[in-house]
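Here the structure comes first, spelled out in structure tokens, and everything after it is commentary.
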Amino acid sequence: MKGSAFLKGTKKYVYDSTVGLNDRAFIMFSAAVLVALFLAIPCGLIMHEPLSATISTAIGAVLFTVYVFISIKRNTIARAKIVLSIVVIFIFLPTMFFTNGGVYGGTPVWLLLGTIYVSMILNGKLRIVMMIMNAIVLMACYIVGYYYPGLVTEYTRGGNFFDSLSALYIVGGIIYVLVTFQISLFKKEEESKNLNRLFEQTATALVNAIDAKDKYTHGHSSRVAEYSKKIAELSGKSPAECKEIYYVALLHDVGKIGIPESIINKEGKLTDEEYEIIKQHPKVGAQILRSITEYPDMIIGARYHHERYDGKGYPDMLKGEDIPEITRIISVADAYDAMTSKRSYRSTIPQQSVREEIVKGSGTQFDPEFAKIMQHLIDMDVNYDMREKDVESVLSGKGELYCKSFEDEVTEGIHICQKITKIRFRCELLDKEKQEGGPSLIIFDSIDARFHDTYRAIMELSFLEYGVLKPDGRYECNGARKIAVEKGVSSLEEEPLKASEIVYEIESVRVKDHAMITIDNGVTKEIFTIAFPDSARFAYIGLTGENCRIYDTDIDTREEEVPADFIPRIAEEISYIDGPEGDVPSVQIDGYRSDSTEGIKVTDGLKVTYHTKSLPTARLVWHCSYIDLFYSEDHMAGGPGYKEYSLIRLDGENWEADGKAKNELSVSISDSFEGWDAWKEANKKGFECTVYFKMEEGRIITTSENLGISITNITTEFDPDKDVYLSLTGDQVVITNVRIER
């Protein structure tokens, strides 16, 4: 039974389209080589070859089998391919040649199998290198065998005949089976692709039907699917599971098709009766998806995504782990996107406020494990990419922007980051007789990434206007330290469609506290360089104008970041490092883990004391210092071979580092704790922090006490063969005077 189950499992793996084709080829061809090796043993006995040769073949077959099995089980197939290729080329092929009759027996045919094996399990440059080495080794064997025939163990004439015949049949049969199996695999792959394509098109059609009904949730299902997939990946799910979770999340809201549009698109608060109708969409969705038997979790995702971890959700009021895991993942992703997207009754909620809501809902609305992963995703999203990005959203839900007077209308903020962002649009004057007006760019920051001009909003949302840029090179420098402008050569290729129209292309990029923004209208090109007050705050472009209509807008952001020296500096870099230098250099961390101290080797009894101080821009609890436990080859956080074991924040949160270690965190608050507002204020003033490390029986015990918060974290299941290092990092914080005692 076990053998049958193993064969079924292997076959399932080989046909699994989520597994790389090269890995599946490795399984197939390894199995083929194993068959050949085990068949070679009785052939050797029949031919009366030396017992040592038969025994060596048997030992090689067993070792090969064990190594392949362990590699599959430990998921080290990539390394196994290289190791086995080296063994085949430099050990197996020469041994076969000199102990099995050389060119006069069946050796050339056996060698062909080894060559095919190496060529099929490798790819890229490595395959080319190995095939060249294979050719060199074979040539050397033939030359040595020709000039020194005494080194070759030859058989009798009958032995040579039988060896050649058996080699032809065995190797030929294996090649036939492999080719047939490969053709079958390609056919199944194509069938699977066609089915997946059909399913994707059907799912997309259903999602489009949902979007067509609800004008305020355009793209919601796709974003929830992406966020759910990211959560699944960080929780250790397999590629196949992540793919399934993506599609389940994509169709979680399909039941809204059965809800009247008048309720879905109602402006303002729903009545109790209308809310009860809305609450029916999970049941409706489950009914719609009931016929998809190939993916039974589709029903689960649709029916249970509004259940709460504390049992207060709907429709079945399930509680805790009674709620299917897949919907516990979707639930937190769904809530995150709902809060970061515009709705009929409110604007988007700032991401940092969303994070606080996720923290508050952990253990009540959300599964704590997946809420924690969502918090980590938010922390990692330094460019605020996880949000609604539709162009019409930037244009405040409209396809066009009408600006009779300056700041009459301003788009939502377009983030200026270290990736080049291009904004293209067309503009024409509303009153053509005036011959005055046109677009302008407002450069600003605010918690909700929107322009504000009322005192209350400015104070509550920390709005700061850096300056205003105009296409003719004029500018206003408000909150920025400095703005410089120079002329460039226009490279705009897009032509206006009519005489009254001007095409504009805006290009923006930021590195630390400097930004470069170009405005190109096909005739002139103005290049603005802006020096911000600091590197910590965000910066956005708000598109506005005067006496103009802005339309046909397109926004595109490149994938790669520009280098650190991309923007020439026009002002000195702001530094808040004012404390003494300790045993390692001080460090200023302007954004989430944007920098860190040198690595410090963790040993038993290690004591690290340092001074931590939040930057003036810090507003939140997690704007504090963090302790990072890790391994890397150069002993630096993020260096080659980096493995993060734990990330401990002084406010008592801990990240378990993608399953590379296990952590048990305990946090206690003493009577001396004066509340989080006082804690944040103390961080602004700065204080001394001490961290102790104890190593015992494969455990690292990290303890610290600060401002009434006591933290103990026990890290286990890290790599015992490698040293563990710590670095101090954080978010919007300065770390100075680091002192090490052992």
Review point. In terms of side-chain geometry, is the basic nitrogen of K229 or E226 positioned less than 4.0 Å from the acidic oxygen of its partner?
Key: no
Exactly one of V485, I530, I442, I541 clears side-chain contact (heavy atoms from CB on, under 4.5 Å) with L469, and that residue is I530
Sorted by chain and number, sequence neighbours left out, salt bridge (Lys or Arg N to Asp or Glu O under 4.0 Å) with K422 holds for E507
For [X], what residues pass the side-chain hydrogen bond (donor to acceptor under 3.5 Å, both in side chains) criterion, not counting sequence neighbours?
X    : result
N478 : E465
Y642 : R593, D628, E644
W622 : none
D513 : R481, R569

Applying ring-ring contact (aromatic ring centres under 6.0 Å, His included) to F425 and not counting sequence neighbours gives Y504
How about [atom1] on [X], more than 12 heavy atoms from neighbouring residues, nucleotides or ligands closer than 6.0 Å, or not?
X    : atom1 : value
K643 : NZ    : no
K601 : NZ    : no
E674 : CD    : no
K680 : NZ    : yes

Measuring from [X]:[atom1] to [Y]:[atom2], what's the distance to the nearest 0.5 Å?
X    : Y    : atom1 : atom2 : result
R510 : K419 : CZ    : NZ    : 15.0 Å
I329 : E369 : CD1   : CD    : 8.0 Å
Q375 : I358 : CD    : CD1   : 7.5 Å
I416 : I517 : CD1   : CD1   : 4.0 Å
H611 : I577 : NE2   : CD1   : 13.0 Å
R537 : I447 : CZ    : CD1   : 8.0 Å

With the side chain counted from C-beta on, respond yes when [X] and [Y] share a heavy-atom pair under 4.5 Å apart, and no when they do not.
X    : Y    : result
S596 : Y626 : no
L377 : Y227 : no
Y645 : V602 : no
T702 : V691 : yes
E407 : F451 : yes
T340 : M386 : no
Y540 : D445 : yes
F370 : S331 : no

Do the side chain of [X] and the main chain of [Y] share a donor and acceptor less than 3.5 angstrom apart?
X    : Y    : result
Q588 : Y576 : yes
T364 : G361 : yes
S446 : S462 : no
N683 : W679 : yes

After noting the C-alpha distance and the side-chain angles of R424 and D556, does the key distance pass the salt bridge (Lys or Arg N to Asp or Glu O under 4.0 Å) rule?
-> CA-CA 9 Å; R424 299 178 188 85; D556 178 56; 5.3 Å; no
- Task: Anything under 30° is parallel, anything over 60° is perpendicular, the rest tilted; go ahead and classify Y592 against H376.
- Result: perpendicular
Next on the checklist: Between I245 and S228, is the side chain to side chain contact (heavy atoms under 4.5 Å, CB included) condition met? List the steps.
Outcome noted: CA-CA 7 Å; I245 287 170; S228 298; 3.9 Å; yes
| Going through the distances and angles, do E681 and K684 end up as a salt bridge (Lys or Arg N to Asp or Glu O under 4.0 Å)? | CA-CA 5 Å; E681 191 59 34; K684 284 283 186 76; 5.8 Å; no
For this session: Answer yes if the ring centres of H306 and H252 are under 6.0 angstrom apart, and no otherwise.
Result: no
message: Quick one, E688 with R739, criterion salt bridge (Lys or Arg N to Asp or Glu O under 4.0 Å). Give me CA distance, side-chain angles, the key distance, then yes/no.
response: CA-CA 11 Å; E688 291 289 313; R739 302 180 301 281; 3.1 Å; yes
Stepwise side chain to side chain contact (heavy atoms under 4.5 Å, CB included) check, E598 with V738: CA-CA 10 Å; E598 293 179 0; V738 181; over 6 Å; no
(Q) salt bridge (Lys or Arg N to Asp or Glu O under 4.0 Å) for K230 and D381? Distances and angles first, verdict last. (A) CA-CA 12 Å; K230 288 180 179 179; D381 185 26; over 6 Å; no
Side chain to side chain contact (heavy atoms under 4.5 Å, CB included) between I443 and F532, intermediate numbers included | CA-CA 10 Å; I443 314 302; F532 297 119; 4.1 Å; yes
Open item on the list: Would F630 and L647 count as a side chain to side chain contact (heavy atoms under 4.5 Å, CB included) here? Give the steps.
Closed with: CA-CA 9 Å; F630 68 94; L647 183 70; over 6 Å; no
